[in-house]
Amino acid sequence: MCKNVYETITETPENNPALLIARVANNQDKQAFVILFKSYAPKLKSWLLKGGASPNIAEEIIQETFLTLWQKAPLFNPEKASVATWIYTIARNKKIDKLRQEHYPELIVEIASDGTHNPDTKKDVRKALKVLNAEQFTVIYKNFFEGQTHQEIAKQEGVALGTVKSRARLALKKLHAVLDISE
Amino acid sequence: MPSFHPDETLLIELTAGQLDQATALVIAAHIEVCEECQKKSAVYASLAAEFLEQSDDTPCGEEILQALLSKLPEQQQNTPKIKLMPHQEDFYPQTLNDFLAAFPPQKSWQQVGGSLRQLPLAKGFNGATCKIMGVKAGHTIPKHTHKGDEFVLVLQGGLSDHRGTLRRGDFIYSDATVEHTPVAEMGEECICLVVTHGKLKFTGAFGRVLNWIS
Ligand SMILES: [Zn+2]
């Protein structure tokens, strides 16, 4: 029997994720690492199980993700990505490595410096998602988060592939309009 | 700034982890040199991250955390600048050089006819194959169609067909409906990163010979 360590963590300046990463990087702060683990590991596990990983494999992927997080914390640049984005991409690549034995490239982002990646993007993304109707949201959610292809979504939702594609197109159009990026 | 880009679907599939490694490599290498696609990809990645943050929690065993804490590795202070390994080039996007470091090519450059040379890289789980291709300056690739999708990213020099001239960073997609006769620009060898799903089919008279050797 082990005690449940997943008590609710309230957002305070002390556990702002970017500061936690900085503490891991600057002081090899294990306490900060534990807080990050407790906030993100259970979410990663849900995501991995949805994506078809077994509980054991999911936990292996989570371990590898957090080893990389520790190792690469000094390289994390909060101006280029949010902590959640960084963790998502590390975990996605570990998952592909584990489940498909394929090597997924790390995106190298050196050019953009106009604030596209600043923390406000998160707020904007939330705002943008609100303009989608339920059907459009479902397609975007399953496509981005569950990693499903349009074909798979069509089958699940019991609609034609063309319908899924047009829902996705409309959803992206709306998202682009709110987020102000050209198509 | 590149003027030919992968379409949105490919950027999304990259973010969502749906691409095979060969296709992922060529898209990621384009993104590295394209500000426009970097911005889009950043938005797509933050969508995925937002869904992750809003996700339900599934508890992980405490022993996982304990195991992690007992084997934390040394931290990486900076990306080491090492000298180029065989097959790496300083003008290649770092994405490609990283790939070459992780997976050194099993074969060496192969000459294909008088105008082309190629270095086979990885295969994807769906049968896609990736290679670096060189076309001699001013030379023509005989007229051909494609059995499946083909993605080309220009890394050096230029390559023209009826759709325009591609230069460093430009990405173009051809499917079975495209028949073309690409010509390398004068000046320097045109080097591209190419991903094919299915073989090229040369259609011209001379091209038939190439079907045998490519
Ligand atoms: Zn682009």
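Note that the coordinates shown come from a computational prediction; the quantities given were computed from them, not determined experimentally.
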Task: Short N-O contact, A:Lys98 and A:Glu60, less than 4.0 angstrom - done: yes
Task: Between B:His30 and B:Phe151, ring centroids under 6.0 Å - done: no
Task: Lys/Arg-Asp/Glu bridge criterion (N-O < 4.0 Å) met for A:Glu135, A:Arg167 - done: yes
Task: Under the side-chain hydrogen bond (donor to acceptor under 3.5 Å, both in side chains) test, residues paired with A:Thr138 that sit two or more places apart - done: none
TODO: Please list, chain by chain and in numerical order, all residues satisfying salt bridge (Lys or Arg N to Asp or Glu O under 4.0 Å) with A:Lys72, sequence neighbours excluded.
DONE: A:Glu106
TODO: Below 4.5 Å from any heavy atom of chain B, which atoms of A:Val83 appear? Answer side chain, backbone, both or neither.
DONE: neither
Open item on the list: Listing request: all ring pair (Phe, Tyr, Trp, His ring centres under 6.0 Å) pairs with a residue in residues 77-97 of chain A, at least two apart in sequence or in separate chains.
Closed with: A:Trp47-A:Tyr88, A:Phe76-A:Trp86
Task: Residue-level contacts of residues 146-161 of chain A with chain B, using a heavy-atom cutoff under 4.5 Å - done: A:Gly147, A:Gln148, A:Thr149
Open item on the list: Using the ring centroid of each side chain, check whether A:Phe137 and B:Phe51 are separated by less than 6.0 Å.
Closed with: yes
Task: Which of A:Gln101, A:Gln71, A:Lys95 touches chain B most, by non-hydrogen pairs under 4.5 Å - done: A:Gln71
Task: Side chain / backbone / both / neither for A:Leu44 at chain B, heavy atoms under 4.5 Å - done: both
- [ ] Check each atom of A:Ile96 against the heavy atoms of chain B and say whether the ones under 4.5 Å are side chain, backbone, both or neither.
- [x] side chain
Open item on the list: At a 4.5 Å cut-off on heavy atoms, which part of A:Ala58 comes close to chain B: side chain, backbone, both, or neither?
Closed with: neither
